[in-house]
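Working notes, structure below.
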Amino acid sequence: MASFGLWWGGVGHWDVFVAIYLFLGGISGGSFLVASIAEWFGERRQQAGYAHISRWGWTLSFGTIVVGSWTLLAHLSGPFLRAFMFPVKFTNWTSWMAIGTWVVVTFSLVVMARMIWATFGTAAVDDPSGLPRHLVERVGFGLTDLVDRGADLTRPTGPLRRLVQVTGVGLAVMLVIYTALLLSAVGWLVPLWNQTLLPPLFVASGFSAGIALVIAVTAWQNDLDGGLVHRFGLLDDAVIVVEGVVLATLLYTLTTGGAAAARTVDGLTSGSGLLLLVGMVSAGLLLPLAISAAQELLGSDSLLASRQVTTAKFGLVIAGSFLLRVLLIFTALQQPIIVT
Amino acid sequence: MGEQWGFYFDSDKCIGCHACSVSCKQRHGRDPEQDEWRTVTNVTTGEFPDVSSLPVSMSCMHCSDAPCEKVCPCNSIQKREEDGIVVVDRDSCIGCHYCGWACPYGAPTYDDGGIMSKCNLCIGEGPGGGHEMPPREEQEDGGAQPACVDNCVGGAIQAGPVSELKEQATTEAVERFEQEPANVIVEANRDDTTAFPYEA
């Protein structure tokens with residue numbers, strides 16, 4: 001029997017706090033990966049810049065997941081304290097929200113440990129850079145010495161250190177993928193939240209934004225070597241290209257989908273949806289790649305290769321990563337009910 | 001597993017009077033402006049002047065594989081084995097609205113306290129009235145008739161054990177029911193060119 005008409009159900013179940021959370025979760029995981037890459041290279045090459053990148057990577061990863069966790073709690077409309085009972089209440093292992101909460105908690109503990117080991121203790125006293133150390137020094141009361149001793153006592157060595165490194169990378173990847181799976185778990189009902197494409201899109205976006213954040217901050221705080229900035233910038237460009245390809249594929253799948261996919265395309269090609277899409281693609285993908293291309297063409301002495309322009313490029317990547325999450329939350333539509 | 005309960009809806013008998021949704025709100029004390037456990041929507045097709053409209057009354061479908069239950073992180077939503085009714089434990093709901101995205105029928109509503117509530121097939125009254133209630137009984141055994149069924153002027157909505165509902169339904173409606181994971185048997189409108197299909 002032919003359908004009589006379509007009944008469009010409710011939309012907009014989530015607010016901007018969820019978009020912020022997904023963005024911060026992605027950038028936190030990405031920052032951790034950048035820190036881990038820098039650590040790996042730093043163990044093999046005697047260059048101070050890698051240690052600075054690692055230190056800022058752990059610190060920014062910790063800061064963003066802490067703020068991100070707060071925004072996750074802020075979006076809940078139920079009694080605020082109820083969510084803190086999650087160790088007892090979150091027991092539905094078919095729900096990505098329950099699984100993801102444990103990923104966030106475990107990741108937060110690992111990244112906090114990594115930040116403390118990188119910023120405190122004997123190794124860090126030689127080079128006392130990093131925000132956490134400055135903050136603890138301000139507190140006074142001999143707290144710095146206490147944390148220094150604690151860091152030295154607990155810092156793993158040998159195989160245990162390698163295990164912590166690998167576990168951290170695994171958790172960082174899981175964190176970013178989970179933020180995608182949180183949405184794509186209902187992808188059967190929401191065409192924009194494609195179950196196959198959203199995880200790679202989020203990994204690429206999170207990693208790209210993580211590189212941008214960590215390298216931009218380290219470049220300004222520790223006068224990072226231009227060669228290192230350039231190398232990580234090229235890595236970021238490669239990831240941005242991958243992100244662009246996945247996003248284009250996702251948009252293409254919408255053009256071949258059903259009624260909800262077609263209506264999502266309408267939303268993305270008009271009004272605020274179009275503004276978000278153009279803003280996200282321009283800021284997050286096209287402009288950073290254009291700046292990188294211009295820097296390569298004009299050489300390292302040109303004005304475009306200055307630290308300010310490079311920082312602006314990284315800022316655009318971060319803005320694009322945020323806009324991607326806003327786009328995915330606010331233009332998503334559920335399949336209509338087909339009335340026959 | 002006990003006999004699964006569900007709804008039966010015949011669009012040919014629905015006149016779009018909203019008695020079902022109003023009586024639902026009254027029985028459960030819901031917000032008359034926002035908290036709609038049962039909705040009546042006029043689904044339209046065609047373009048002016050050749051437009052047809054069909055009133056459809058809808059609530060939680062008490063799906064056999066309830067997707068809301070799968071995504072709820074705190075197991076606050078439960079598909080009851082004894083009667084198939086999907087209920088919510090409002091004392092553990094955190095208001096994450098994940099069920100809102102997972103429900104294909106827009107059934108979950110969120111009140112001023114931010115906690116989810118929805119149709120409980122009138123096994124209790126008020127939000128959360130279905131949680132930990134005894135198994136659903138038929139009216140002759142003392143069970144309350146759902147408010148929407150009780151007040152439907154055209155007899156468009158019925159509720160009961162699915163096996164009994166099937167006996168009233170057309171073969172086509174039963175076949176469609178068997179294919180779809182919802183505890184609702186829907187009669188298709190039999191003349192989709194009629195703007196107002198109910199004949200008194």
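All chains are named by letter (A, B, ...) in the order of the sequence lines, taking the proteins before the strands, and each is independently numbered beginning at 1. The figures here come from the full heavy-atom set of this structure, side chains too, leaving out hydrogens, waters and symmetry mates.
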Check your understanding: Can you tell which of Arg82(A), His75(A), Lys89(A) has the highest number of heavy-atom pairs within less than 4.5 Å of chain B?
Key -> Arg82(A)

Review point. Under the 6.0 Å and 45° cation-pi test, does Arg325(A) pair with Tyr21(A)?
Key: no

Practice item. Report yes if the distance between the aromatic ring centroids of Phe330(A) and Trp14(A) is under 6.0 Å, otherwise no. Key: no

Check your understanding: Do Thr44(B) side-chain atoms and Ser52(B) backbone N/O form a donor-acceptor pair below 3.5 Å?
Key -> no

Check your understanding: Hey, does the side chain of Glu69(B) reach the backbone of Lys79(B) with a donor-acceptor pair shorter than 3.5 angstrom?
Key -> yes

Check your understanding: When you measure from the side chain of Glu243(A) to the backbone N and O of Phe207(A), does any donor-acceptor pair fall under 3.5 Å?
Key -> no

Check your understanding: For Leu189(A), is it the side chain, the backbone, both or neither that has a heavy atom under 4.5 Å from a heavy atom of chain B?
Key -> side chain

Exercise for review: Give the member of Val56(B), Thr41(B), Ile115(B) that has the highest number of heavy-atom pairs under 4.5 Å with chain A.
Suggested key: Thr41(B)

Point to revise | Pick from Pro67(B), Gly46(B), Pro104(B) with the largest number of heavy-atom pairs that fall under 4.5 Å of chain A | key: Pro104(B)

**Study point:** Distance, nearest 0.5 Å, that separates CZ of Phe7(B) from CD1 of Ile157(B)
**Key:** 7.0 Å

Review point. Is there any salt bridge (charged side-chain N to carboxylate O under 4.0 Å, His left out) pair reaching into residues 91-114 of chain A, and which pairs are they, with sequence neighbours excluded?
Key: Glu39(A)-Arg114(A)

Check your understanding: What part of Cys103(B) lies closer than 4.5 angstrom to a heavy atom of chain A: side chain, backbone, both or neither?
Key -> backbone

Check your understanding: Who wins among Leu182(A), Leu183(A), Ile99(A) for the most heavy-atom pairs under 4.5 Å with chain B?
Key -> Leu182(A)

Review point. What part of Leu72(A) gets closer than 4.5 Å to chain B, counting heavy atoms only: side chain, backbone, both or neither?
Key: neither

Point to revise | Side chain / backbone / both / neither for Trp188(A) at chain B, heavy atoms under 4.5 Å | key: side chain

Check your understanding: Quick one: what part of Pro108(B) sits under 4.5 Å from any heavy atom of chain A, side chain, backbone, both or neither?
Key -> neither

